[in-house]
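Notes to accompany the following structure.
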Amino acid sequence: DDLLKTRSHAMTKKAVQALSSIINEAMRRGLVAQNVAKGVNTGKKKGRTARVVIPERSELRAMIKVCQDGELALILTFIFTGIRASEFRGLPWRDVDLSANELRVSQRADQWCQIGPPKSDAGYRTIPLPDVVVTALRRWKLACPPSTLDLVFPSGAGTPFGYQNLLRRVFFPIQIRAGITRPVTGKGGKPKRDADGNPMVNGKYGFHALRHAAASGWIDQNIDLKRLQTWMGHESIQITLDTYGHLISDKAKDAAIASEAERALFS
């Protein structure tokens with residue numbers, strides 16, 4: 001209870017889980033008789049889930065227009081598959097079937113660039129690729145530098161890209177060229193300026209925004225919730241609903257339901 005007053009719900013939950021693991025080990029060693037932390041309820045997370053930030057379609061087209069060399073394959077893969085940055089960084093060519101227009105997710109690169117399994121069992125999935133992505137990947141495959149891990153998008157050293165390096169060296173520059181920027185601020189929220197006195201800017205979006213763009217595009221095509229959950233790699237349908245439920249609507253069906261309610265009342 002004291003932790004919940006001074007720490008976030010997520011941090012409190014992690015602390016209780018860690019304590020429970022320690023006491024479990026003590027029980028295994030015969031040092032305590034029971035796990036008094038087991039079953040402690042930290043309650044439900046308070047507050048509303050933040051609305052996802054989705055790039056405008058005009059912004060996505062602007063990014064695509066200024067892409068150079070292998071950047072086009074990179075951006076299109078993100079926009080049309082919705083895979084996580086870690087899954088993208090660890091993507092091998094064997095998981096890209098250009099003949100079947102499919103991309104499989106079977107591994108990811110963690111924050112230390114080590115290859116391992118997906119975030120959860122739900123992370124193992126197959127996502128369809130539109131022709132524009134397949135064409136871009138075919139061209140990129142001819143120019144892709146070799147890597148010991150046969151990565152689709154390796155760093156210059158042939159290893160998985162670090163997240164921040166990929167963001168700062170590739171994705172932010174693409175956005176800056178496209179004019180999709182946000183000001184760089186310092187202490188007190190004041191805009192930073194370069195040596196010439198010009199306001200400094202950075203890319204407006206992180207990679208997760210492209211993941212949201214993919215989900216939004218599928219929702220616009222009336223994808224069913226189960227398929228959306230599968231393609232996004234969510235463990236539960238509740239995560240999908242909490243994240244994208246506000247985007248799902250059917251105006252024609254809504255109008256029909258309202259009309260039927262009116263008819264039922266007055267008929």
Side-chain angles (χ1 to χ4, degrees), residues 55 60 63-175 177-178 203 205-215 217-218 227-235:
L60 295 175
M63 290 184 210
I64 292 170
K65 188 175 181 179
V66 301
C67 282
Q68 302 170 354
D69 303 324
E71 294 174 347
L72 180 60
L74 180 151
I75 288 294
L76 290 176
T77 299
F78 265 119
I79 292 174
F80 287 102
T81 67
I83 60 176
R84 299 177 176 92
S86 59
E87 297 165 344
F88 176 91
R89 291 164 45 236
L91 181 66
W93 279 110
R94 68 173 180 274
D95 283 350
V96 180
D97 191 334
L98 298 176
S99 298
N101 284 43
E102 290 180 343
L103 181 150
R104 292 180 296 276
V105 178
S106 67
Q107 64 182 39
R108 70 184 184 114
D110 65 17
Q111 58 183 318
W112 298 283
C113 296
Q114 297 298 310
I115 298 296
K119 187 177 179 180
S120 67
D121 288 343
Y124 292 95
R125 60 199 190 276
T126 299
I127 305 166
L129 297 175
D131 289 340
V132 67
V133 179
V134 171
T135 299
L137 285 171
R138 285 188 189 279
R139 291 174 179 170
W140 170 238
K141 193 170 187 178
L142 298 175
C144 178
S147 66
T148 55
L149 299 173
D150 195 32
L151 297 173
V152 178
F153 297 100
S155 68
T159 57
F161 257 108
Y163 178 85
Q164 290 298 329
N165 282 342
L166 187 62
L167 193 65
R168 294 171 181 171
R169 296 180 182 179
V170 182
F171 192 38
F172 279 170
I174 289 173
Q175 293 181 73
R177 292 200 304 269
Y205 299 107
F207 285 117
H208 222 65
L210 298 184
R211 179 167 161 80
H212 296 325
W218 292 329
R227 185 174 280 108
L228 179 61
Q229 176 197 345
T230 299
W231 289 359
M232 296 305 291
H234 288 158
E235 287 189 273

Point-to-point distance, once rounded to the nearest 0.5 Å, from [atom1] of [X] to [atom2] of [Y]:
| X | Y | atom1 | atom2 | value |
| --- | --- | --- | --- | --- |
| I75 | L210 | CD1 | CG | 5.5 Å |
| L149 | I115 | CG | CD1 | 5.5 Å |
| L137 | L129 | CG | CG | 6.5 Å |

### Task
May I ask you to test the L74-V170 pair for a side-chain heavy-atom distance under 4.5 Å?
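They are in contact (side-chain heavy atoms under 4.5 Å apart), so the answer is yes.
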
### Task
Provide the full list of side-chain hydrogen bond (donor to acceptor under 3.5 Å, both in side chains) pairs with a residue in residues 115-124, sequence neighbours left out, each pair given once.
none

### side-chain hydrogen bond (donor to acceptor under 3.5 Å, both in side chains) partners of residues 128-155, not counting sequence neighbours, each pair once
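Every side-chain hydrogen bond (donor to acceptor under 3.5 Å, both in side chains) pair that includes a residue of residues 128-155, provided the two are not neighbours, is N101-D131, S155-T159.
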
Using side-chain contact (heavy atoms from CB on, under 4.5 Å) as the criterion, list what pairs up with [X], not counting sequence neighbours.
| X | value |
| --- | --- |
| P128 | W231 |
| R169 | N165 |
| A214 | W218 |
| Q111 | none |

### Query
Shortest non-hydrogen contact from A136 to L76?
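Minimum heavy-atom separation between A136 and L76: CB-CD1, 3.9 Å.
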
### Query
Where do H234 and A122 come nearest, in terms of heavy atoms and distance?
O-CB, 3.4 Å

### Message
By the salt bridge (Lys or Arg N to Asp or Glu O under 4.0 Å) test, which pairs, at least two apart or in different chains, include something from residues 70-81?
### Response
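Salt bridge (Lys or Arg N to Asp or Glu O under 4.0 Å) check on residues 70-81 returns E71-R177.
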
### Message
Going by the rule ring-ring contact (aromatic ring centres under 6.0 Å, His included), which residues pair with H212 if we only count those two or more places apart in sequence or in a different chain?
### Response
H208, Y244

### Summary
Across all chains, not counting sequence neighbours, the ring-ring contact (aromatic ring centres under 6.0 Å, His included) partners of F207 are F78, Y163, F171

Anything under 3.5 Å between a donor and an acceptor, one on a side chain of residues 81-89, the other on a protein residue two or more places apart or in another chain? List them.
{"residue": "T81", "atom": "OG1", "partner": "T77", "partner atom": "O", "Å": "2.5"}
{"residue": "T81", "atom": "OG1", "partner": "I83", "partner atom": "N", "Å": "3.4"}
{"residue": "R84", "atom": "NH1", "partner": "E87", "partner atom": "OE2", "Å": "2.9"}
{"residue": "R84", "atom": "NH2", "partner": "G233", "partner atom": "O", "Å": "3.1"}
{"residue": "E87", "atom": "OE1", "partner": "R84", "partner atom": "N", "Å": "2.9"}
{"residue": "E87", "atom": "OE1", "partner": "R125", "partner atom": "NH2", "Å": "2.7"}
{"residue": "E87", "atom": "OE2", "partner": "R125", "partner atom": "NH1", "Å": "3.1"}
{"residue": "R89", "atom": "NE", "partner": "F161", "partner atom": "O", "Å": "2.6"}
{"residue": "R89", "atom": "NH1", "partner": "A109", "partner atom": "O", "Å": "3.0"}
{"residue": "R89", "atom": "NH2", "partner": "D110", "partner atom": "O", "Å": "2.8"}
{"residue": "R89", "atom": "NH2", "partner": "F161", "partner atom": "O", "Å": "3.3"}

### Task
List for me each residue that meets side chain to side chain donor-acceptor pair (under 3.5 Å) alongside Q107, sequence neighbours excluded, and say none if there are none.
R94

